[in-house]
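Residue numbering restarts at 1 for every chain, and letters A, B, ... go by the order of the sequence lines.
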Protein chains: 2
Amino acid sequence: MAQPDTRTQILDAAEHLFAERGYRGTSVRAVTDLAGANLAAVGYHFGSKAELLAAVARRVIEPINAAQCAGLDRLLARTPDPSVTELVEAFAGPLFDGTRAGDEGGARTSRLIVTILSDPAEEARSWTGPDEDTVRERYLAAFARALPGLSPEELRFRMRGILAVTAIDRVEVYQQPSPACLTPVAGESTRHWAITFLTAAMSAPPTRT
Amino acid sequence: MAQPDTRTQILDAAEHLFAERGYRGTSVRAVTDLAGANLAAVGYHFGSKAELLAAVARRVIEPINAAQCAGLDRLLARTPDPSVTELVEAFAGPLFDGTRAGDEGGARTSRLIVTILSDPAEEARSWTGPDEDTVRERYLAAFARALPGLSPEELRFRMRGILAVTAIDRVEVYQQPSPACLTPVAGESTRHWAITFLTAAMSAPPTRT
DNA sequence: GGTTCATTCATACGTTCGTTTCAATCGAAC
DNA sequence: GTTCGATTGAAACGAACGTATGAATGAACC
């Protein structure tokens, strides 16, 4: 809480606004206003709006990726064949951990991730590094061993399902305050529900073709 | 294929572009150019860009909603207690049916739906009518009977999971041509995989608290 | 005290956006 | 043939956008 430097204040503001209004819905001026910085500061510190988004995305994704990787390492150190539940927990768990200060229990991070992933803007997709692919490939191999008989295509579909469930649940809550359905659910229970839901889904027998 | 009137040509073009580039990423000029219409035609026929989006969304969602409703009616006419599989199929199935001509097997419709649902723009959320809530409430009740012991909150979470899986799978494919993971999966198999995945997920025992 | 370098500031540029305006056009009714 | 309502056309408006520019600032170092 000392004197936060302009660069991280811009990152914080951009993370907040990108999560809430999307990339295209957030103007550079809105970011700098919220950050209490000058308009030109974005150009100076990041080069462009797209590079600012890449920096925000990296800062959010990297710890998640590291946690996923560490979780798999921990499992594989114990046994060469972790269970589906363990794999689901190690993979999906970090997606629920909003470790960043000021994040409302990870909800803001989730919103940001889905905003980035589902934004059709090209800039939103240029930040991905090889790390994300690597960790996903490792989990893919581990799941393949835990789920013999499942075709690679269906396995890939199911892993996409994990990302979908973990990423979108809070978003729809956030943007659909309809009282009839989809009322917001706070707290840690979401994480447990997701683990239950996804473990059962991943463990389903292969679709007979 | 006779002489398509300007209004529907604009609707078609807008549906295509909104699905591909999102609401904010699509300019009115791009829509009218693709439709071969004049820029002012949008204002004349729809009033504004936001109302054009609402019209597009209504045209896409309404048949899906009707199919979901008819499917539930058909099930309930046979038995008062349909199985989880039947409910999942009746609810999620229509989300995969791209009945509109020109749609690439429903993929474009899926993209449009998730684009609309995940767009943080306020305009993207103003089209919902009471019908969507009604059909969801009916399925909610049917699932509650099929899954006794599940708390209403967790049931709602799982229904959100259905929407997440059906909505997002093709989107991430669409926007992530990474060769490492998540390669596109075409055809009808996606629908079967989703039914398998979601039936198992919905049938999971309640999360012990 | 003067120089240097990184950073911040106010401001402007050029573009694109959604919307509006008003004249032109067309077919049908009289 | 004229009138009239509906539709289309070309053009323009004001606002907001991302970005670039060059001067001001301020602390660190000689």
(message) Tell me whether B:Thr26 contacts the main-chain N or O of B:Leu17 through its side chain, where contact means a donor paired with an acceptor under 3.5 Å.
(response) yes
Check your understanding: Judged by atom type as modelled, is there a donor-acceptor pair below 3.5 Å linking the side chain of B:Tyr139 to the main-chain atoms of B:Met159?
Key -> no
Practice item. Establish, from distance only, whether the side-chain atoms of A:Glu154 and A:Thr207 form a donor-acceptor pair under 3.5 Å. Key: yes
Without decimals, in angstroms, what is the distance between [X] [atom1] and [N] [atom2]?
X	N	atom1	atom2	value
A:Lys49	D:dC17	NZ	P	8 Å
B:Ile10	D:dG9	CD1	C1'	13 Å
B:Glu51	C:dG18	CD	P	14 Å
A:Phe46	C:dT8	CZ	C1'	15 Å
A:Leu17	D:dG18	CG	P	12 Å

Taking only N and O in the side chain of [X], is any of them less than 4.0 Å away from OP1 or OP2 of [N]?
X	N	answer
A:Asn38	C:dA10	yes
B:His45	D:dT8	yes
B:Ser27	C:dT16	no
A:Thr6	C:dT7	no

For a quick check of understanding: with a heavy-atom distance under 4.0 Å over all strands, which category does A:Ala40 fall into, base, sugar-phosphate or nothing?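 Base contact.
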Q) Contact class for A:Thr26 vs. all strands (heavy atom < 4.0 Å): base, sugar-phosphate, or nothing? A) sugar-phosphate
Nearest nucleotide by nearest heavy atom, which residue falls closer to the 5' end of DNA chain D, B:Ala37 or A:Val28?
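On the 5' side of the pair lies B:Ala37.
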Nearest to the A:Arg29 side chain among C:dA6, C:dT19, D:dT19, which nucleotide is it?
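The answer is D:dT19.
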Working note: B:Leu52 + B:His45, criterion side chain to side chain contact (heavy atoms under 4.5 Å, CB included); need CA distance, chi angles, decisive distance, verdict. CA-CA 9 Å; B:Leu52 169 61; B:His45 286 286; over 6 Å; no
